[in-house]
Amino acid sequence: MSTEGSTENNPSQDFIREIVHGDLASGKHNEIVTRFPPEPNGYLHIGHAKSICLNFGVAEETKGRCHLRFDDTNPAREDTEYVDAIKQDVEWLGFTWHEQPFYASDYFDRLYGYAQELIRQGKAYVCDLSAEAFMQTRGTPTRAGENSPHRDRGVEENLILFESMRRGEFDDGSKTLRAKIDMASPNIHLRDPALYRIRKVTHHRTGDAWAIYPMYDFAHCLSDAIEGITHSLCTLEFEVHRPLYDWILEQLDLPRPLPRQIEFARLNLGYTVMSKRKLLQLVQDGDVDGWDDPRMPTLSGLRRRGVTPQAIRHFCQRIGLTKFNALTDIALLEHSIREDLNRCALRVMGVLRPLKVVIENLPEDYVEMLEAINHPEKPEEGSRQLVFSREIYIETDDFMEDPPKKFFRLQPGGEVRLRYAYILKCEEVIKDADGNIVELRASIDPESKRGGATSARKVKGTIHWVSASHAVDAEVRLYDRLFTQEEPDAQKEGKDYRSLLNPDSMVKLEGCKLEASLGEASDQTRYQFERLGYFCADQQSNQDGKPVFHRTISLRDSWAKAKG
RNA sequence: UGUCUGGUGGUGUAAUGGUAGCACAAGGCCCUUUGGAGGCUUUGGUCAAGGUUCGAAUCCUUGCCGGACAGCCA
């Protein structure tokens, strides 16, 4: 099995790495500088992880550097809460950025100067059109737009007006600074795009210093140039913006070679949504518990759920990088999660839906310590002692009164191996007045423990258990996919993606019985509850001394598949 | 009737004019005191039609199908 650091498909490179290595080989660049440029208006999700792994990965591999840059040019939607969360998530994934984080807002002065320069060159002008008029004169993809009546304002007038905009002398939205390119361009983004808009909003870093803020298209390319970014990697929807990206940089006196924008396909994952807008809506509507709800595809949600950064990085490596707009099978992520958890999780036993079993051929006060190993493939993880006694709990699902063929577990009169312990035989089924099974009476084969005379006896199944009087009570939360449809965004009109929320995406189980060692579980430790799945303790909701565990993911279950 | 861009097994990706390979998923077998893990194995693919070539997933032509773009969002 391949492990850390190893690049699967080692010799092959994606198209971006080919370009990067080509630019190094040709001498175009001596050092590669990339950037990860989130807007601090939401939490990072696994789609961002793809970009993070790409940008930081390319920098690492080429001994270059990658800047974390906050693209904070729209103060109305941005907040330091997001800045902090983003930093935490990037670090959690295991990447370190060059020096301090960068901020587009640190360049506001210089960007303003570049805008003035464009005005002086006659390539930008102040436009008085309202947003509505702006829209109406822009044309459509198939119809050219019309020139703004203010397009030919003189340089001096433009400079003065722009300065007044900056000082807040005009109302929000009353004027914009626009590039003067071509209103008939087949590319709408070249039809005199807005460069600055008036927004009298307090910025989370610059306060009230500015009444105008630069647009993405203006700020991003220039921020890249200012930082000496060599390759500006972004998602496909910016493909159409690239001519504008290049146009702005080419007009100005900037160090060459200029940064090059290269687009790749964003990650689409089945059974979830990946837009910050929709994720925010789920949070605001209370459909989930917050950005870090374990059902969310956010990095904070995945973290809280118990997914490891290593699993995410491996996943990002596996999904590849192309310009094809793909829908990635959620099974691929699940595989990466299981693979890493199998490697690192400590094995323990816990019973989620307890069924009491009384072992009648054991005395009332019987107590025996049994050794259990912590990890079958890692002897260095050692072992622990389990308490075995007369009354135990087994999983309700592990007993069937009238089982189908190929059911390897316990049934009336049948035998099963108790993990790390004895062979157990079901002698009697106790039911309540309504006919519900409430308890089993059983016996053990006292010689069947490992090393015992009958230990080699063949029994079909092995089940997990905990000692009734020594078990820890816990709440366990099971998670499933957030949506019932693989493509919640791609529904026929009228069907809102929120109507496709999976009502069973979280199931809370109370009264679960866990082996004693889990009473002091650290939230950093990943566990495998044997035969059930991977779990981790919750750091937040550990109320009234009762631990809460999340099921990160179930084990592969070929029995579930077999019975359909 | 616009511009940009893409189409390789069920899914995601490799092959850069020379044996269509890998991973996931699915099926089978072995092993197993986790129906886990692991090992072995099978099924299954170049959007279509022409052309160039000894040879095409790759180059050319035409067609078909998909995605992005009409925020003073990023």
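Every heavy atom of this structure was used, including side-chain atoms; hydrogens, water molecules and symmetry mates were not.
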Could you check how far CG of A/Leu321 sits from P of B/A14, rounded to whole Å?
8 Å

base_contact_polar (B/G35 base, A/Arg409 side chain, donor-acceptor, <3.5 Å)
yes

Judged by nearest nucleotide, the residue sitting upstream toward the 5' end of RNA chain B, A/Arg242 or A/Ala331, is A/Arg242

Let's test your reading of the model: under 3.5 Å, does the base of B/U34 pair with the side chain of A/Gln528 as donor and acceptor?
yes

Would you give a per-nucleotide map of nucleotides 67-74 of chain B, 5' to 3', where B means the base has a protein non-hydrogen atom under 4.0 Å away, S means only the sugar-phosphate does, and - means neither?
SBSBSBBB

Output the single nucleotide from B/G36, B/U34, B/A14 whose closest atom is nearest the side chain of A/Ser558.
B/G36

In whole angstrom, give me the gap between the P atoms of B/U53 and B/G21.
28 Å

Parallel under 30°, tilted from 30 to 60°, perpendicular over 60°: which one fits the rings of A/Tyr82 and A/Tyr43?
perpendicular

Can you see whether A/Gln310 engages A/Thr308 through a side-chain donor-acceptor pair at a distance of less than 3.5 angstrom?
no

Atom CZ of A/Arg347 and atom NE2 of A/His375: how far apart are they, to the nearest 0.5 Å?
4.5 Å

Atom CD1 of A/Ile337 and atom C1' of B/C24: how far apart are they, to the nearest Å?
13 Å

Polar pair under 3.5 Å, donor/acceptor by atom type, side chain A/Arg347, base B/U34
yes

Under a 3.5 Å threshold, yes or no: a donor from one side chain and an acceptor from the other, between A/Glu530 and A/Gln528?
no

A/Glu334 near the nucleic acid: base, sugar-phosphate alone, or nothing, with a heavy-atom cut-off under 4.0 Å?
nothing

Do you know which of A/Phe170, A/Tyr213, A/Tyr216, A/Phe218 makes ring-ring contact (aromatic ring centres under 6.0 Å, His included) with A/Tyr196?
A/Phe218

Rounded off to whole Å, could you give me the CZ-to-C1' distance for the A/Phe315 and B/U13 pair?
13 Å

Please state the P separation for the pair B/C54 and B/U11 - nearest whole angstrom.
37 Å

Using salt bridge (charged side-chain N to carboxylate O under 4.0 Å, His left out), reason through A/Arg153 and A/Asp128 one step at a time and then give a plain yes or no.
CA-CA 11 Å; A/Arg153 271 213 253 249; A/Asp128 302 354; 2.4 Å; yes

With a 3.5 Å limit on both atom pairs, tell me what B/C4 is paired to, counting Watson-Crick and G-U wobble, or say none.
B/G67

Which whole-number value in Å describes the distance from A/Asp397 CG to B/U34 C1'?
15 Å

Salt bridge or not for A/Asp557 and A/Arg531, using N-O below 4.0 Å?
no

Just by distance, no angles: are the side chains of A/Ser105 and A/Arg205 close enough, under 3.5 Å, to form a donor-acceptor pair?
yes

Pairwise C1' distance for B/U41 and B/A49, with rounding to whole Å:
38 Å

Compare side-chain N and O positions of A/Thr328 against OP1 and OP2 of B/U11 and report whether any pair is under 4.0 Å apart.
no

Stacked cation flag A/Arg166 on A/Trp210, 6.0 angstrom / 45 deg:
yes

5' to 3', nucleotides 27-32 of chain B under a 4.0 Å protein heavy-atom cut-off (B base, S sugar-phosphate only, - none) gives S-----

Aro-ring/base stack A/Phe408-B/G35, d under 5.5 Å, angle under 30°:
yes

Indicate, yes or no, whether a donor-acceptor pair under 3.5 Å links the base of B/U34 to the side chain of A/Arg531.
no

When you compare B/A23 with B/G39, how far apart are their P atoms, in angstrom units rounded to a whole number?
10 Å

Once you round it to whole Å, what is the distance between P of B/G12 and OH of A/Tyr271?
14 Å

Lys/Arg N to Asp/Glu carboxylate O, A/Lys323 vs A/Glu263, below 4.0 Å:
yes

Expressed in angstrom and rounded to an integer, what is the separation of A/Glu486 atom CD from B/G12 atom C1'?
12 Å

Residue pair A/His220 / A/Asp71, side-chain donor-acceptor N/O under 3.5 Å:
yes

Torsion-based syn/anti label for B/G71, 90° from 0 as limit
syn

Taking for each residue the nucleotide of RNA chain B with the nearest heavy atom, is it A/Phe407 or A/Ala265 whose nucleotide lies nearer the 5' end?
A/Ala265

